[in-house]
Each structure stands twice: as C-alpha cells, then as structure tokens.
Amino acid sequence: MEELPKAYNPRETEQRIYKLWEESGFFSPEGLPCVALAKRGKIPEPKPFTIMMPPPNATGILHMGHALMLTLEDIMIRYRRMRGFKTLWLPGTDHAAIATQAVVEKEIYKKEGKNRHDLGREELLRRIDEFVSQSRKTIQKQIRVMGASCDWSREAFTLDEKRSLAVRTIFKQMYDDGLIYRGNRIVNWDPKGQTTISDDEIVYEERKTKLYTFRYAKDFPIAISTTRPETKVGDTAVAVHPDDKRYQQYIGKEYNLDFCGVPLNIKIVADPAADPEFGTGAVGVTPAHSMTDWEIAKRHNLSAPQVISEYARILVGDERIRGKKTSEAREEIINWLKENNLLEKEEEVTQNIATAERTGGIIEPLPKLQWFVNVNTKFKIKNSKLKGLQSGSETTLKDIMRNAVASGQIKIIPDHFAKTYFHWVDNLRDWCISRQIWYGHQIPVWYHEPKCIPRTGHEGDIVKCKDTIVAAAAPKCEFCDAKFIQDPDTLDTWFSSGLWTFSTLGWPEKTKDLEAYHPTDILETGYEILFFWVARMIMMSGYALGDIPFRDVYLHGTVRDAKGRKMSKSLGNGIDPIDVAEKFGADAARMALVVGNTPGTDTRIWEDKIKAYKHFANKLWNISRYILMNTPISNFKFQISKPQSITDADKDILAKLEALVKSVTDNLDRHIIHEPANQIYQFVWHEFADIYIEKSKVQLQDVQQKENTQKILLYCLNTILRLLHPFAPFVTEEIYRQLPQKEAELLVVAPWPFQHSGL
RNA sequence: GGGCGGCUAGCUCAGUUGGUAGAGCGACCGCCUUACACGCGGUAGGUCAUAGGUUCGAGUCCUAUGCCGCCCACCA
C-alpha cells in the first residue's frame, strides 16, 4: 500500500473525482447498477426519486444561495441513490427574461453607447444569446465544482426548443379554456425598464413625502388630499363615503372646471372605498393612474383618460405641464394652487412607494392592453389525480393551488410557510403575463394586419378570417395575402419556469420520462420564491397534467454574511462559493452551509466556519491513514458484516455507530439535513477518533485483540464513509478508493449502511 | 393594518413525541505524544428575553409583554 500524504489536498482531488463520477454514468438513472440488475430480473424495479434543480438565472455566476441549494439537493439525491432508488436530478438554467436583458443592455450601453432600439430586436437577441451561452457554460462548470451529482444528459434551458414548444402549447390550451385573456387594465408600469411587471415583482420603499389638501377650484365644494397633485389632471370624480353626512348634499352632482389649464368634469360619487377618517374624507378619483381608483371608476361608469405617458411625462394641459416629468409637473401644479389660493394644507407623511425590483424605477400605474392569466374562471379539468377533484369536474386555477396544499397532497417544510402560502393564494389577482421586452418567449398570438377584408366565398356567403389567432406556429389567412404579425410582447419568465417539472421531461410529448419521473419527489428552493415559482408550478402542473408537480417542498433560508447582512454586489460582502471551494474544498463549503442550517431559517457564513470543516475533512483523512497503516490486507480478509466485540471499547463504539446509522437514516428520510451532518461530525471526531482510535493503539498490541480491532476499525471507517458521503462526497470517495475491499466500484453507488447494519 | 419567525455560553447556531443544558468558532493553561499542530489534553463561560400558567417535571406546551427580523396589504 502506498503511503498517503499527511494532509488532505482537496484541490488536487476534487476535479479528478468528479470526472470519475461523470464518466461512470451513475448520475443518470439509466447508468445505475440497480437499474441494470432490475433489467436482468435480479431485483424488482427500483422506485424513482426525482428532483428538478431550480434553474439558476443565466445572468452570471453562482452565489452562496445556489451553493446551498446544490448541497441540500445533492445530499437528498446521493442518499436515495445509495438506498437503491432510481434517482434523477435534472439540472438546467433559466433565461430570466427581464434580468438577463437588463444586464446585456446595460453592458452594451456602457461599451457602445447604444440602446436596444439602436440595435433592433434581432441584433439584441443575438447578443443576448451569445451572452447567455457563455453564462450557461460558467454555471455548468460551477455546479460541477460543488460536486452536484446531477444528470447532465438531460440538462435543460427554459428557452430552448423543447421548453418553447411546451410554453406555446400550454398558452394555447389555456387560451382555449378561457384562462388566458387580453384585457385593458391598470398594470404596474416600470418607466425605467419600459415594461409591465407583475405584482410580485414590486418592492415597496418607505419614503417621506407631502400630503397636499386643496380644492380643484374656488367654487368647488369639497377639498381633497393627495400625495400626487400632478395626477389630478386625470380626475373624473370625487368619491365620498356613502354614509358621510358632510357630503350627502353633493352626491350625484357634476362640476366643470379648469384645473391648471386642463378642463375637468368631476362627478361626486358615493363609494365605500373612501375612508371618512382620512384627510377630508373625500378622494379625488384618477381612474387611469391608480389601481383603487380604476375600481371605483368601474363601479360608477366613469371615463379613464390617460394623462401620464409610458415615460412618466404629462400628456395633457398647456406648456406649464405638458411633456414634463411627473416630478416637475408636480411643482408647477403646486405653484398654480398656491397662486390661486387653493392649497389648504401641506403635511409630511411617510409613504410606501412601489418600485420595480429589477430596475428600481418608480412604478407608474397605467391602463394597458395586456395578457392575463385568469385565476378565478372555472374550467373543466380533464384528467385529475388531484385530491378531491374528479376528472371532468369544474375548478379554478386558484382552487388548484389552494387544494394541493390544503389537502396535504403537497407538504411544505417548514410547515408554517403553508399559512403564508394560503394568504397569498387567497388574495391572488389575475396574473399579468405579458412583458414589453424582447428576450423571452414571444407570445404565440398572431394579428391579421391589416384586418381581413370580408369577401364573398364559394357559396355566395361572406367570409372573413379571424383578426386574432392563437397558435403554436404562424398562421396564414385563407382569404387574402395579408400577413399575420406576431404579438411583439414576451411572456413573464415565471410562465415558463412554472412548467419546469414537466417541460424538462418532454411534455407536451407523452414521453417515458414523464411517465416515470412525474410528479417529482421534492422541490428544494429558497423561501423567497414560494409565490413566484412554487405556487406557479402547482398551478401549471395542476392545469396541464391534473397532478401535483412534487410531493414535498423544502424551503431553505437566505445565506447571509457574518454580520447577518444579505450578500450583495453593491455591498461587496459576497463570498464566492467557487473561491471557497478552491481555498477550503467543496466538501468544507458544503458542510459549513448545511450544519446548523434549519429549513426556512436564514443562515450566516464566513471563512472561519468553513475552515473548521476543512479541518474535519483532514481529520477524516488522517483517521483513514491510521487505519490503513495498521490493517495490512495480507493479514486477514476484510468483512462487510458486523464484527464481534471483545472489549468494552469495542462494544461501545459499535453500539454508538449503530445508533448513528439509525439516526442519520431516520433524519434523512424526513428531509432533516442539519442534524445528521452534525451527528456524524461529532461521532467521527469525538467518539471514534478521540476514544476508540486511542484505545485501539493499546488493543493492537494485544495478540488476542489485534485482528478483531482491525476489523472494527475498518468496519467503522467503511460505515462512516458511506454515511458521510452525501454530505462530503469528495473526500469520502477518495478515501473509499483506498479501502482494501469494498462493496461497490465507487462510493456513489455503494449501498447505504442501513441495509447491512442488521437494524 | 394583517401575518410569520426569532430571542439558548463572548460570536454563530443545534436542541426531532416535555425527563438533570449542547456543538463549532473564539478565550485561557499545558503539550511538535511515531494518524493528524488543519493536531492532542485540560479550564473557564448559560437564572435558555420577561411575567404568569399547565405538569411530579418546561428551553421544549398555554397566555400576556418587550425587543429584533421577515412577508403581505396599503389611505388617496
């Protein structure tokens, strides 16, 4: 036996080991020994165990959150693989529409001073594709560095051909079922990003602002309060509470007046949305630029003139305000109010202002023609495997989302997140899915341009093509030569991510993979995308397949720095997992991320913590060196079965090992990761090394005890390697290769000790 | 405004059905002992946020309070 180096060198080992694994084919279910054995009829067909990797955004590089995700999932997968499951862990990347386009646009602007319109749609998309293919390669490399045992042969991308077909197919189905519609509604417009965004992409920032109380005109009977005087040029009503005695006499009356050069027709309406306690108790209603005002306007049949443009500039009035930015127009209007003695009060208030998560732009609510997913419309579900929902019965997308969790068919870990989930589902409004950006899945809707001219058909009847056609491919008009033009908008990136559990398996085709691996077993992801993604997957899978996308949801927390701050580029406090793997080894990084990290709770990480687990890997390495040095193979045959105990120390260590195996197994079965990781650490260092190995030094001197002690040492080491392998795969595999006798070619597919421990 | 989580050793955190408080890092003292100085042996350090309650027994269950954090909604 060749002498092992004194210290373990992860850098030298890890790349070599990963290559070995990848070439073994064990990362694909087809390559697993259990599958081969079943094929030859030696064992029954193994059960599948499937995880779809949450696809990292194709915007750049992996961060610590990804490293945590990869570690947790790899532990789950490696454990099941060793237990003899037919494991599939499918990797991929997300095109992350808005985020990616923003990154590339920014870069181009910085280098060339050009914006997207200078380049044109085609050229911009070419540039983004180039960037993304580079970025994807980087990500794939980094996933390997972390030791992720995923099936690269099935790697997917949310914008590749197969996934695009899935998107177009489900869009058409949902459209035909009345679940997708085009409507003119108030949307969240981001003037900076020049696109709509969904409710979930808004972040609120607290700011100090002024609340102005004023009258539209001298002879107007009611004063109103607002923080946005510039929008008042779009007012069509004043709403008061129906029970508010102060204003009863005015309800129903209309006033024509001039407001800073803009003629307004204001009707006084009674609406419960007006809070008598706030301000003057009267609300100036601006239907086109406020979500709640739009609702009031709908109830009272009021017009909704748009007075603010997509560039956040005023569209009406004279030179004082027309064409000006909203902030400038606000000053003008306040001056005008002061000049005319209409301003009654000015007070400081704190206000939560809506901003776009990606660009930071202040959201301008605007009425726009957009595509929506209707979450409340009933439709007939075709084939349902959902609990409490029979095939052919009526349901809504909202009910599907709610019931999947309420029925217990999907379990969320930790379970208190179910409450948050229900609250979100219950308050869910229709989902705006169209975006005015170019990168992404272009909406599969075609418009007849110009509109089809009716003409006389063969039987003398008047024929005309539809103006709008929803289809997976470009249609042709039967009656004229005019072209159909595809809707220029693209879909919200989460629309395609919502299909992830089944689009990755080949849907809409009826593939063998889909049959074998869906629903998946567990979805492991960060709690911050419970709504964005988890809920949407439940919805999409429920609709498309009549089934849940996964049985369990494991939510991990945010990885923070030593001071508990979020890691961010602007703070510069991020720790790069790849640097860490380079410096301390991927095994150390994995252990540090996982020990003491309970689901749903944020965790902190810093270099010293990782270093501790590098030391642990080294400890294990030296334990192995000691054992291998003291157990020359020529002396006896290594036995896999449990050895006898002669001394009290023998008895004690074997009992503790057995308890450890049981505990680690129980915990992993229940998706508890942090506890077993720590238990193994404690056992290896403070039971096995500190106590038994020290005792063994004496026992090895005793002729009566020598051979049995050797057996126990090897037995313990072998068991430890297998228990620890899911957590620290590299160092364990490397040591396993040195064992004189082993039960499998590689530790990746060695049987889990549970099956041999006689428990 | 509504909801959720946290408050345990100097720091970061475990503590799985209630049964005499744990780990890592750090600190201090002593050791280059032939597996490991990425190490070994030892020491110090906690009224488990506060106040009640249930129980033979509570960090663990219940109630209230305080502080910190997060999520959602949003009053114009």
Side-chain angles (χ1 to χ4, degrees), chain A residues 3-10 199-200 202-204 211-213 224-229 231-232 235 238-239 271 273-286 289-293 296 349 351-354 414 416-424 426-428 527-528 530-531 557-558 560-564 566 584-585 588 591-592 595-598 600-630 663 666-667 670 672 674-679 681-682 685-686 689-690 693-694 696-697 713:
Chain A
E3 184 82 2
L4 293 172
K6 249 185 158 182
Y8 171 61
N9 180 357
D199 295 342
D200 301 289
I202 291 177
V203 283
Y204 289 94
L211 180 69
Y212 302 95
T213 303
I224 57 162
S225 300
T226 184
T227 52
R228 298 198 61 191
T231 65
K232 298 291 106 183
D235 282 13
V238 163
D271 196 284
D275 176 4
E277 304 293 317
F278 187 87
T280 61
V283 188
V285 181
T286 323
H289 300 288
S290 153
M291 213 67 90
T292 47
D293 292 7
I296 295 174
V349 291
Q351 186 200 14
N352 279 333
I353 195 154
H416 69 254
F417 273 101
K419 284 183 196 167
T420 320
Y421 176 82
F422 289 136
H423 184 259
W424 180 82
D426 293 342
N427 292 293
L428 190 60
Y527 63 70
E528 73 277 4
L530 179 62
F531 310 140
T558 308
R560 296 168 177 277
D561 74 359
K563 291 177 185 163
K566 261 192 174 173
F584 303 105
M591 288 292 286
V595 172
N597 185 350
T598 48
T601 307
D602 291 354
T603 186
R604 299 183 187 195
I605 197 154
W606 59 97
E607 282 210 348
D608 276 351
K609 189 171 175 184
I610 304 163
K611 205 161 84 187
Y613 293 100
K614 177 185 159 56
H615 295 174
F616 175 60
N618 191 57
K619 183 74 183 177
L620 183 69
W621 180 257
N622 279 291
I623 287 170
S624 310
R625 279 181 65 220
Y626 168 80
I627 294 174
L628 293 169
M629 279 169 164
N630 287 291
S663 173
D666 282 353
N667 278 307
R670 292 156 57 204
I672 298 171
H674 67 280
E675 194 61 24
N678 196 41
Q679 284 170 358
Y681 180 102
Q682 291 306 315
W685 206 312
H686 302 301
D690 288 353
I693 286 190
E694 290 309 315
S696 78
K697 290 175 182 172
L713 286 170

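Residue numbering restarts at 1 for every chain, and letters A, B, ... go by the order of the sequence lines.
- Between W621(A) and Y8(A), the ring planes lie tilted relative to each other; the angle falls in the 30° to 60° range.
- In this structure, T286(A) and D293(A) approach most closely via the heavy-atom pair N-OD2, 2.7 Å.
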### Query
How does protein reach along nucleotides 27-46 of chain B, written 5' to 3' as B (base within reach of a heavy atom under 4.0 Å), S (only sugar-phosphate), or - (no contact)?
--------BB-BSSS-----
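- Within 4.0 Å (heavy atoms only), T292(A) reaches sugar-phosphate atoms of the nucleic acid but no base atom.
- Along RNA chain B, the nucleotide nearest D608(A) and the nucleotide nearest V595(A) are compared for position; the residue whose nucleotide lies closer to the 5' end is V595(A).
- Between C68(B) and G22(B), the distance separating the two C1' atoms is 24 Å to the nearest Å.
- The closest donor-acceptor contact from the side chain of D561(A) to the backbone of W606(A) lies at 3.5 Å or more, if one exists at all.
- The gap from the P atom of C62(B) to that of A27(B) amounts to 40 Å, rounded to the nearest Å.
- Using a 3.5 Å distance cut-off with no hydrogens or angles, the side chains of T420(A) and Y527(A) do not pair a donor with an acceptor.
- Using a 4.0 Å heavy-atom distance criterion, E675(A) is classed as a base contact.
- In this structure, K609(A) contributes its side chain and R604(A) its backbone to a donor-acceptor pair below 3.5 Å.
- Following rounding to the nearest Å, Y527(A) (OH) and C71(B) (C1') show an atom-to-atom distance of 9 Å.
- A gap of 31 Å separates the P atoms of A44(B) and U17(B), to the nearest Å.
- At a threshold of 4.0 angstrom between heavy atoms, the contacts of T598(A) are confined to the sugar-phosphate backbone, with no base atom among them.
- Taking the P atom of each, C61(B) and C72(B) are spaced 28 Å apart, rounded to whole Å.
- Counting non-hydrogen atoms under 4.0 angstrom, Q351(A) reaches the backbone sugars and phosphates but no base.
- Note on Y613(A): nothing from the nucleic acid sits closer than 4.0 angstrom, heavy atoms only.
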#### Entry: B/S/- contact track for nucleotides 4-11 of chain B, protein heavy atom under 4.0 Å
SS------
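- Ring geometry, F616(A) versus Y681(A): the interplanar angle falls from 30° to 60°, so the pair is classed tilted.
- Distance noted for atom C1' between G18(B) and C25(B): 31 Å (whole Å).
- The separation of C28(B) from G45(B), taken at their C1' atoms, amounts to 11 Å, rounded to a whole angstrom.
- A distance of about 14 Å separates the P atoms of G69(B) and U12(B), rounded to the whole Å.
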### Message
Only Watson-Crick and G-U wobble pairs with both distances less than 3.5 Å should count. Give RNA chain B in dot-bracket notation, marking inter-strand partners with |.
### Response
(((((((..((((.....[..)))).(((((.......))))).....(((((..]....))))))))))))....
